[in-house]
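Below is one structure, written out as structure tokens, with a few remarks after it.
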There are 2 protein chains.
Amino acid sequence: MQITAYSYAGCLGVRTQKTYRQGQILKLVTRERVTSQDELRRRLRQLDLRVTQATLSRDLRELKLVKTAEGYKPLSAVAEETASLPPLTRAVREFLLDLRPAQNLLVLKTPPGGAQPLAAAIDGERWKEVAGTIAGDDTVLVIAPHRRARAEIQRRLEDLIR
Amino acid sequence: MQITAYSYAGCLGVRTQKTYRQGQILKLVTRERVTSQDELRRRLRQLDLRVTQATLSRDLRELKLVKTAEGYKPLSAVAEETASLPPLTRAVREFLLDLRPAQNLLVLKTPPGGAQPLAAAIDGERWKEVAGTIAGDDTVLVIAPHRRARAEIQRRLEDLIR
DNA sequence: CAGTGATCTGCATATTTATGCGTTCAGGAA
DNA sequence: TTCCTGAACGCATAAATATGCAGATCACTG
């Protein structure tokens with residue numbers, strides 16, 4: 001027996017359907033690909049929820065759903081907290097895919113386009129162990145004066161990963 | 001000495017500034033709040049990168065940057081893989097904040113509006129241990145026939161968290 | 001090199017999203 | 001009750017974003 005009593009949304013006064021509607025939006029969006037607010041509006045209409053696009057624009061903002069190439073998606077809580085971290089921490093978590101030492105050098109791998117911002121973030125720290133950085137498209141070369149310094153930089157970066 | 005040789009973007013032929021530009025976009029966007037493509041266009045112009053809004057629209061898509069109330073943000077790799085996970089896994093990771101047992105019941109806490117989709121996802125599994133679910137706004141009550149079943153459901157949900 | 005296909009980009013415009021303002025109504029306070 | 005106040009919402013439209021198409025340049029290939 002599935003009880004499945006969705007929506008006792010009426011408990012705050014039947015007038016406002018906002019809470020119930022937003023729940024349905026979340027449900028819809030996590031299940032299927034919805035690529036525009038107007039499409040969402042039509043899907044909701046099938047559930048007897050009639051609202052305008054304007055209202056959906058407001059709902060989506062409140063629910064922190066963002067438009068991606070694959071439709072609206074929740075901006076995970078993880079991604080959010082990210083915004084308040086120090087620049088280097090953010091950059092490392094966002095872009096650093098791989099890290100390999102080579103004598104006094106450190107080779108960092110990132111997704112395409114990620115090298116520039118990662119290198120910028122490292123430069124921003126002004127660590128004295130860093131002689132310089134060279135950033136391509138998906139690779140950053142960090143140059144240290146000697147192996148000992150390289151090891152220290154490596155340790156710090158690895159610490160930031162989690 | 002900071003070498004900081006950004007941008008040897010010319011390496012594939014000077015003509016295309018795409019790679020370099022996208023690197024700068026990433027850098028800009030992770031550092032400051034950019035709320036529209038036109039604003040981004042103006043910031044880039046200060047770096048001597050002159051492109052139209054149309055190009056930025058394409059860049060942002062390629063870089064998987066999404067528009068949020070606080071400006072454009074990277075859709076973290078984490079959030080992405082999420083899209084391909086089973087519905088219940090997604091729902092749990094996205095919405096489940098807290099989980100507490102009470103005899104044969106399980107009380108799940110979610111952010112506002114998250115209860116409906118989470119309950120729907122649980123229902124979708126059609127587990128025989130689940131007698132039914134009741135979803136409010138930020139709370140789901142999962143009803144099991146007895147404590148043993150509740151423990152099993154709890155175990156499965158906890159497994160999904162990570 | 002001439003030819004071919006792929007990529008990048010701008011332009012113009014279609015499509016989509018955001019928002020100022022006005023209305024309605026629920027929930028108090030008096 | 002009657003009068004507030006604030007939330008929810010639609011309407012109209014402004015603002016922002018996406019895209020079809022065409023021109024330009026590059027990377028190859030023969």
Side-chain angles (χ1 to χ4, degrees), chain A residues 7-26 28-29 32-45 47-75 112-113 116 137-138, chain B residues 7-26 28-29 32-45 47-75 112-113 116 137-138:
Chain A
S7 143
Y8 57 121
C11 44
L12 319 171
V14 181
R15 178 173 187 291
T16 290
Q17 46 173 3
K18 188 179 172 187
T19 298
Y20 175 65
R21 182 183 64 240
Q22 292 191 344
Q24 297 300 310
I25 290 174
L26 241 15
L28 265 174
V29 157
E32 52 193 270
R33 177 179 167 134
V34 182
T35 58
S36 81
Q37 297 177 7
D38 211 58
E39 180 182 336
L40 178 58
R41 189 181 56 74
R42 290 192 297 273
R43 300 290 281 101
L44 287 172
R45 192 156 51 78
L47 302 175
D48 268 316
L49 284 170
R50 289 147 201 276
V51 286
T52 59
Q53 170 269 324
T55 295
L56 297 183
S57 172
R58 295 172 183 127
D59 282 344
L60 294 179
R61 173 198 295 262
E62 286 177 27
L63 295 171
K64 295 184 192 305
L65 293 174
V66 298
K67 190 182 184 183
T68 73
E70 298 79 36
Y72 283 95
K73 289 191 189 176
L75 187 61
Q116 303 277 342
D137 177 37
D138 62 1
Chain B
S7 145
Y8 57 123
C11 48
L12 319 170
V14 180
R15 178 173 187 291
T16 291
Q17 46 173 9
K18 188 180 172 188
T19 298
Y20 174 64
R21 183 184 62 240
Q22 292 191 345
Q24 296 301 310
I25 290 174
L26 240 14
L28 266 174
V29 157
E32 52 194 270
R33 176 179 167 132
V34 181
T35 57
S36 80
Q37 297 178 5
D38 211 58
E39 180 181 336
L40 178 58
R41 188 180 58 72
R42 290 192 296 272
R43 300 290 281 102
L44 287 172
R45 192 156 52 78
L47 302 175
D48 269 317
L49 285 170
R50 289 145 201 275
V51 285
T52 60
Q53 170 269 323
T55 296
L56 296 183
S57 172
R58 295 170 182 127
D59 282 343
L60 294 179
R61 173 198 293 259
E62 287 176 27
L63 295 171
K64 296 187 192 303
L65 292 175
V66 297
K67 190 181 183 182
T68 73
E70 298 80 35
Y72 283 94
K73 287 192 189 175
L75 187 60
Q116 303 275 343
D137 178 37
D138 63 1

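First the proteins, then the strands, lettered A, B, ... as listed; each starts at 1. Just so you know, these numbers use all the heavy atoms, side chains as well, and skip hydrogens, waters and symmetry mates.
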### Query
Nearest-Å distance, CD (B/Gln22) to P (C/dT7)?
14 Å
## Note on the structure
The nucleotide from D/dT19, D/dA12, D/dA18 with an atom nearest the side chain of A/Lys67 is D/dA18
### Query
Looking at C/dG10, D/dC9, C/dT17, which one has an atom nearest to any side-chain atom of A/Thr55?
D/dC9
### Message
What is the separation between atom CG on A/Leu56 and atom P on C/dA18, rounded to the nearest whole Å?
### Response
11 Å
### Query
Hey, does the side chain of B/Arg21 come within less than 4.0 Å of C/dC8's phosphate (OP1/OP2), counting only N and O?
no
#### Entry: Which nucleotide in D/dA18, C/dG10, D/dG10 has an atom nearest any side-chain atom of B/Gln37
D/dA18
### Task
Using whole Å, report how far CG of A/Asp38 lies from P of D/dA18.
16 Å
#### Entry: Side-chain touch A/Glu32/A/Leu28, heavy atoms, less than 4.5 angstrom
yes
### Task
Looking only at side-chain atoms of A/Ser57, point me to the closest of D/dT19, D/dT17, C/dT19.
C/dT19
#### Entry: Atom pair CG/OH of A/Leu56 and A/Tyr72 - distance to nearest 0.5 Å
9.0 Å
### Distance, nearest 0.5 Å, that separates CZ of A/Arg41 from CZ of A/Arg50
10.0 Å
### Message
Rounded to whole Å, please give me the gap between CG in A/Leu65 and C1' in C/dA18.
### Response
16 Å
#### Entry: Presence of B/Arg61 side-chain N/O under 4.0 Å of D/dT19 phosphate oxygens OP1/OP2
yes
### Message
Which nucleotide wins on minimum distance to the side chain of B/Lys18, given the candidates C/dT17, C/dT9, C/dC11?
### Response
C/dT9
### Task
Whole angstrom is fine here: how far is it from CG in A/Leu49 over to P in D/dA8?
15 Å
### Task
Look at the side-chain N and O atoms of B/Arg58 and state whether any lies under 4.0 Å from the OP1 or OP2 oxygen of C/dT7.
no
### Query
Which nucleotide in the set C/dT17, C/dC21, D/dT17 lies at the smallest distance from any side-chain heavy atom of A/Tyr72?
C/dT17
### Message
Which nucleotide wins on minimum distance to the side chain of B/Gln53, given the candidates C/dG10, D/dT17, D/dC11?
### Response
D/dT17
